[in-house]
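Have a look at the structure below, then the notes.
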There are 2 protein chains.
Amino acid sequence: MKTAGMTRETVTARLRAHGIQPTHQRIEIAHALFSRMEHMSADQVLALVNERHAETSKATVYNTLKLFVETRLVREVIVDPAKVFYDPNTTPHHHFFDVESGEITDIDAADISISGLPALPAGKVAAGIDLIIRIRANA
Amino acid sequence: MKTAGMTRETVTARLRAHGIQPTHQRIEIAHALFSRMEHMSADQVLALVNERHAETSKATVYNTLKLFVETRLVREVIVDPAKVFYDPNTTPHHHFFDVESGEITDIDAADISISGLPALPAGKVAAGIDLIIRIRANA
DNA sequence: TGCCGCAATTAGACAGAGTCCAATTCTTAT
DNA sequence: ATAAGAATTGGACTCTGTCTAATTGCGGCA
């Protein structure tokens with residue numbers, strides 16, 4: 001995942017590759033995420049895309065993030081009871097979550113193995129496996 | 001964890017054992033959780049304790065659940081982006097979460113082993129390890 | 001028992017995240 | 001250029017959870 005050369009053109013191609021009509025707003029939202037490669041809340045995305053001049057509404061940010069999640073362009077991260085974070089990193093990985101600062105850090109899933117999982121309930125398939133290590137300052 | 005004989009007296013003793021002043025409202029809230037041994041949202045707790053006659057306010061339910069979490073009488077379960085669930089089972093375990101129905105099911109942690117975890121960031125301690133298997137209907 | 005002081009509870013206002021809707025504006029294909 | 005469908009929008013709305021200031025209740029003690 002090269003993040004430095006993440007131009008608007010690269011982002012546009014990526015949207016197309018996921019079958020997403022690349023509109024102005026979607027390009028800006030994707031660019032905000034992929035040029036930084038950081039976990040961001042909807043609010044942070046909204047603030048970022050409107051930094052220079054307002055051009056994207058709250059509704060569109062929410063619509064678009066939902067679309068991105070559905071098309072697996074980004075991943076939802078549910079660790080903070082107050083809000084959802086969006087993660088431009090879609091490779092298998094887990095998270096540290098600092099319960100005091102709210103900071104989220106990636107843990108590569110390649111290094112980790114989880115064994116002894118029970119069978120899924122009948123008729124169900126796994127939609128995702130989330131491992132969250134909640135951490136706080138050693139006091 | 002015997003759940004059948006979970007009388008208000010048993011619950012009261014349990015509150016005392018955790019250093020919690022057993023008031024009316026706290027007993028009712030704890031009873032709602034421990035007599036059912038189910039994951040419940042604050043809203044569900046509020047509805048349950050006021051089923052017969054209203055006697056507990058929303059503020060008290062939130063205050064009390066927070067207190068219970070701090071004293072480790074119950075556990076918070078953060079899997080649903082919309083709300084927090086409270087889990088009367090404090091033994092080490094993980095969760096299935098049905099993303100379609102919202103249903104939460106326990107997975108005993110005794111059977112599971114997780115290896116390859118990286119070192120915690122310097123100066124941090126683990127406050128909890130949550131493993132969530134998100135499932136949905138096989139279609 | 002009666003009183004004091006602190007702990008607990010409360011109603012209701014408030015805050016923040018996220019959804020919804022009907023109206024408008026873009027895009028794209030023709 | 002135009003029509004049809006897709007995308008965007010402001011703003012009202014819902015829901016979860018927090019806060020505050022006032023009230024109520026309770027335990028300890030004389």
Side-chain angles (χ1 to χ4, degrees), chain A residues 8 11-12 15-16 18-33 39-50 53-71 73-87 97 99 102 104, chain B residues 8 11-12 15-16 18-32 39-50 53-71 73-87 99 102 104:
Chain A
R8 277 168 180 73
V11 162
T12 303
L15 292 178
R16 286 223 174 78
H18 283 253
I20 298 170
Q21 200 57 252
T23 65
H24 268 275
Q25 290 87 341
R26 288 171 178 175
I27 292 167
E28 285 309 306
I29 291 168
H31 185 258
L33 283 157
H39 310 87
M40 294 176 19
S41 67
D43 239 39
Q44 291 176 300
V45 172
L46 181 60
L48 275 174
V49 296
N50 288 325
H53 31 258
E55 61 174 2
T56 307
S57 72
K58 184 171 68 147
T60 296
V61 168
Y62 277 99
N63 288 343
T64 301
L65 288 173
K66 180 146 66 128
L67 176 69
F68 284 4
V69 168
E70 281 163 6
T71 55
L73 192 63
V74 306
R75 245 175 61 174
E76 263 177 337
V77 180
I78 298 164
V79 285
D80 186 320
K83 54 180 169 264
V84 174
F85 283 88
Y86 294 88
D87 189 344
F97 178 63
V99 296
I104 300 174
Chain B
R8 278 170 179 73
V11 163
T12 303
L15 291 178
R16 286 224 175 76
H18 283 253
I20 297 171
Q21 201 57 250
T23 66
H24 254 259
Q25 289 88 340
R26 288 172 179 174
I27 291 167
E28 286 308 308
I29 291 169
H31 185 258
H39 310 88
M40 295 177 17
S41 67
D43 240 37
Q44 291 175 301
V45 172
L46 180 61
L48 275 175
V49 296
N50 289 325
H53 30 258
E55 61 175 359
T56 308
S57 72
K58 184 170 68 149
T60 297
V61 168
Y62 277 99
N63 288 344
T64 302
L65 288 173
K66 180 144 67 125
L67 175 69
F68 284 3
V69 169
E70 283 163 5
T71 55
L73 192 63
V74 305
R75 246 174 61 173
E76 262 178 336
V77 180
I78 297 165
V79 284
D80 186 319
K83 53 180 170 267
V84 173
F85 283 87
Y86 295 88
D87 189 343
V99 296
I104 301 173

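Residue numbers start from 1 in every chain, and the chains themselves are labelled A, B, ... in the order their sequence lines are given, proteins ahead of strands. Quick caveat: nothing in here was measured; it's all calculated off a predicted structure.
One finds the OG atom of B:Ser57 at 7.5 Å from the CG atom of B:Asn63 (value rounded to the nearest 0.5 Å). A distance of 9.5 Å separates CD1 of B:Ile29 from CG of B:Leu67, quoted to the nearest 0.5 Å.
When distances are taken from the side chain of B:Ala59 to each of D:dT16, D:dT9, C:dA11, the shortest belongs to C:dA11. Looking at the side chain of B:Val84, the nearest of the listed nucleotides D:dG17, C:dG18, D:dT9 is D:dG17. You'll find that the side chain of A:Arg26 is closest to D:dT8, out of D:dT8, D:dT9, C:dG18. Set against D:dG17, C:dT10, C:dA17, the side chain of B:Tyr62 has D:dG17 as its closest nucleotide.
Remark: A:Thr23 is not in phosphate contact with D:dA6, judged by side-chain N or O atoms under 4.0 Å from OP1 or OP2. The phosphate of D:dT9 (OP1 or OP2) has a side-chain N or O of A:Ser57 nearer than 4.0 angstrom.
Across all strands, B:His24 comes closer than 4.0 Å to no nucleic acid atom at all (heavy-atom distances). In this structure, A:Asn63 reaches the bases: a heavy-atom distance under 4.0 Å links it to at least one base atom across the strands shown. Nucleic acid contact for A:Ser41: none, since no nucleic acid atom lies under 4.0 Å from a heavy atom of the residue.
Formation of a donor-acceptor pair under 3.5 Å by the A:Glu28 side chain with backbone atoms of A:Gln25 is not found in this model. At distances below 3.5 Å, at least one donor-acceptor pair connects side-chain atoms of B:His18 with backbone N or O atoms of B:Thr71. A donor-acceptor distance shorter than 3.5 angstrom exists from the side chain of B:Asn50 to the backbone of B:Glu55, with no hydrogens or angles considered.
In this structure, B:Glu55 and B:Pro81 both approach DNA chain C, and ranking their closest nucleotides by distance from the 5' end singles out B:Glu55. Of the two residues contacting DNA chain D, namely B:Lys66 and B:Gln21, the nearest-nucleotide position lying further toward the 5' end is that of B:Lys66.
Put simply, CD on A:Gln44 is 13 Å from C1' on C:dA17, counting in whole angstrom units. Regarding B:Gln25, its CD atom lies at a distance of 5 Å from the P atom of C:dT9, rounded to whole Å. As a whole-Å value, the separation of A:Ile20 CD1 from D:dT8 P is 11 Å. Between B:Lys83 atom NZ and C:dT19 atom P the separation is 13 Å, expressed in whole Å. Distance B:Met40 CE to D:dG17 P: 13 Å, rounded to the nearest Å. Between A:Glu28 atom CD and D:dA7 atom C1' there is a gap of 16 Å when expressed in whole angstrom units. The distance from atom CG of A:Asn50 to atom C1' of D:dT9 is 12 Å, rounded to the nearest whole Å. We find that CZ of B:Phe85 is positioned 13 Å from C1' of D:dC15, with the value rounded to whole Å.
Interface remark: the A:Lys58 side chain does form a donor-acceptor pair with the C:dG18 base, using a distance-only criterion of under 3.5 Å.
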